[in-house]
Amino acid sequence: MNFWYSQMAEGVNTVDTWTELNDHKNEYMYFRTDHHWTQRGAYYAYTAFAKAAGFVPHQISEYTQGKTNGFLGYLYTVTKSSVLKNNPDYVEYFMPKNKSTMTVYKTPALINGVKYPVISSPKASYQMFLAGDQPLCHIVSDTVKNGKTLLVTKDSFGNALVPFLTDHFEQIYVIDQREFNTSEAPTLKIVDFAKKHGVTDILCQASAFNSVNGNTIFKKLLP
């Protein structure tokens with residue numbers, strides 16, 4: 001992480017997620033049967049982003065919380081391990097304090113959208129966050145009116161993170177960087193998109209897997 005951050009251009013603010021996660025390492029922050037963090041783990045990344053972005057995060061005790069039992073994730077799907085099957089996870093969730101409306105689109109034209117809740121009805125699945133991996137989500141707060149529009153580029157780890165951000169931005173655009181700029185996918189250039197939609201803040205979320213390929217997928221979003 002230190003190496004990646006040392007490569008950032010002037011003006012880019014880095015987020016110290018490592019310290020926040022490490023300070024809470026004894027909590028249930030990562031699933032046993034899946035490669036993702038839990039939403040509790042994503043919460044600590046949210047608090048780190050809040051510090052970097054200059055706003056006050058909510059305390060975890062402020063949320064309406066719940067959990068569903070019996071989750072068997074991707075690691076079980078590909079291994080069918082009896083050890084994992086006999087030790088299933090639970091999916092913990094934290095409902096945003098402010099209501100919002102999310103519309104999912106397949107292209108940057110933002111047409112033919114389908115509405116989903118930011119966190120769907122409780123079920124034992126990581127797919128309950130942002131309706132799973134979607135190409136492009138537009139989230140509009142029902143109550144936050146601060147003129148701030150956030151653009152998030154993300155992989156699947158961002159799904160559990162974004163719901164926390166809906167309490168702090170009037171609008172959020174969520175772009176799954178894997179769904180654009182290939183021979184079979186629509187074209188999206190992040191600078192043009194941000195200018196067109198009045199974006200005031202940009203958050204680039206990437207899991208450690210991206211370091212394997214030099215984050216080439218994200219680079220395709222750039223001019």
Side-chain angles (χ1 to χ4, degrees), residues 4-5 7-17 20 42-59 62-63 94-111 113 115-119 129-131 134-181 186-207 210 215 217-223:
W4 272 84
Y5 284 176
Q7 306 302 303
M8 298 298 166
E10 184 178 356
V12 174
N13 294 325
T14 57
V15 179
D16 182 13
T17 52
E20 289 292 325
Y43 169 79
Y44 293 116
Y46 148 74
T47 61
F49 173 66
K51 291 177 182 179
F55 64 85
V56 179
H58 297 314
Q59 297 297 311
E62 296 181 54
Y63 296 102
F94 303 86
M95 300 301 295
K97 293 170 64 65
N98 296 280
K99 293 183 179 180
S100 58
T101 301
M102 183 176 78
T103 309
V104 170
Y105 301 94
K106 294 186 180 297
T107 73
L110 304 184
I111 58 175
K115 295 188 183 303
Y116 291 95
V118 173
I119 298 181
F129 305 113
L130 295 194
Q134 302 291 341
L136 201 161
C137 303
H138 182 209
I139 303 170
V140 180
S141 175
D142 292 357
T143 55
V144 178
K145 305 298 178 185
N146 57 11
K148 298 178 67 175
T149 297
L150 176 68
L151 173 61
V152 180
T153 65
K154 62 91 181 175
D155 54 32
S156 56
F157 279 70
N159 299 354
L161 170 66
V162 169
F164 294 114
L165 304 175
T166 62
D167 288 328
H168 304 280
F169 293 88
E170 189 169 328
Q171 297 186 74
I172 302 177
Y173 291 94
V174 185
I175 296 170
D176 191 321
Q177 57 204 23
R178 303 165 297 180
E179 299 295 329
F180 297 97
N181 305 322
T187 298
L188 189 152
K189 295 301 181 182
I190 188 173
V191 174
D192 294 338
F193 188 91
K195 290 180 177 179
K196 181 177 180 180
H197 296 285
V199 170
T200 58
D201 300 85
I202 296 176
L203 167 61
C204 300
Q205 174 276 314
S207 67
N210 286 271
N215 212 10
I217 297 173
F218 173 79
K219 290 177 181 177
K220 292 180 180 180
L221 297 175
L222 301 176

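Throughout, numbering of the chain's residues begins at 1 and tracks the sequence. All values below come from the heavy atoms of this structure, side chains included, with hydrogens, waters and symmetry mates left out. Everything numeric in this text was worked out from a predicted model, so none of it was measured.
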Can you name the closest pair of heavy atoms from [X] and [Y] and give their distance?
| X | Y | result |
| --- | --- | --- |
| Asn13 | Ala52 | ND2-O, 4.5 Å |
| Val118 | Ser100 | CG2-OG, 3.5 Å |
| Phe157 | Ser207 | CD1-CB, 3.5 Å |
| Val144 | Ser141 | N-OG, 2.8 Å |
| Pro108 | Leu188 | CG-CD1, 3.6 Å |
| Val199 | Asp201 | CG1-O, 3.1 Å |

Task: Exercise: do Asp155 and Gln177 side chains pair donor with acceptor under 3.5 Å - done: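 There is no such pair (donor and acceptor under 3.5 Å, judged by atom type) between the side chains of Asp155 and Gln177.
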Verify, without hydrogens or angle tests, whether [X] (side chain) and [Y] (backbone) share a donor-acceptor contact under 3.5 angstrom.
| X | Y | value |
| --- | --- | --- |
| Asn159 | Leu130 | no |
| Thr200 | Thr149 | yes |
| Lys189 | Lys220 | yes |
| Tyr116 | Cys137 | no |
| Tyr46 | Val162 | no |
| Asn98 | Thr143 | no |

- [ ] Specify whether Tyr173 and Phe193 have parallel, tilted or perpendicular ring planes, treating 30° as the upper limit for parallel and 60° as the lower limit for perpendicular.
- [x]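 Answer is perpendicular, since the angle exceeds 60°.
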TODO: Describe, in one word, how the ring planes of Tyr43 and Tyr63 are oriented to each other, choosing from parallel (under 30°), tilted (30 to 60°) and perpendicular (over 60°).
DONE: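 Tyr43 vs Tyr63 ring planes: perpendicular.
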Just verifying a value: how many Å separate [X] [atom1] and [Y] [atom2], rounded to the nearest 0.5 Å?
| X | Y | atom1 | atom2 | answer |
| --- | --- | --- | --- | --- |
| Leu161 | Tyr44 | CG | OH | 14.0 Å |
| Gln171 | Leu151 | CD | CG | 11.5 Å |
| Lys97 | Glu62 | NZ | CD | 4.5 Å |
| Tyr105 | Leu110 | OH | CG | 5.5 Å |
| Ile119 | Met95 | CD1 | CE | 5.0 Å |
| Leu221 | Ile175 | CG | CD1 | 6.5 Å |

Task: Minimum side-chain heavy-atom gap Thr166-Met102 below 4.5 Å - done: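 Sidechains of Met102 and Thr166: no contact.
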Task: Side chains of Phe180 and Thr107 in contact at under 4.5 Å (non-hydrogen atoms) - done: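 The answer is no, as the side chains (C-beta and beyond) never meet within the 4.5 Å cut-off.
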Open item on the list: Suppose we call two aromatic rings close when their centres sit under 6.0 Å apart. Are Phe49 and His168 close by that rule?
Closed with: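 Phe49 vs His168: aromatic centres not under 6.0 Å.
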- [ ] Could I get the full list of salt bridge (Lys or Arg N to Asp or Glu O under 4.0 Å) partners for Asp176, not counting sequence neighbours?
- [x]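 Salt bridge (Lys or Arg N to Asp or Glu O under 4.0 Å) check on Asp176 returns Lys154, Arg178.
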Open item on the list: Taking salt bridge (Lys or Arg N to Asp or Glu O under 4.0 Å) as the definition, give me every residue that meets it alongside Lys51, ordered by chain and number, with sequence neighbours left out.
Closed with: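 By the salt bridge (Lys or Arg N to Asp or Glu O under 4.0 Å) rule, Lys51 matches Glu20.
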Check whether more than 12 heavy atoms from other residues, nucleotides or ligands sit under 6.0 Å from atom [atom1] of [X], and answer yes or no.
| X | atom1 | answer |
| --- | --- | --- |
| Lys148 | NZ | yes |
| Lys145 | NZ | yes |
| Gln59 | CD | no |

- [ ] Report the C-alpha separation of Ile190 and Leu222 in whole Å, then their side-chain angles, then the decisive distance to 0.1 Å, and conclude whether the side-chain contact (heavy atoms from CB on, under 4.5 Å) test is met.
- [x] CA-CA 6 Å; Ile190 188 173; Leu222 301 176; 4.0 Å; yes
Open item on the list: Determine whether Ile139 and Leu165 satisfy the following criterion, side-chain contact (heavy atoms from CB on, under 4.5 Å), listing intermediate values before the conclusion.
Closed with: CA-CA 10 Å; Ile139 303 170; Leu165 304 175; over 6 Å; no
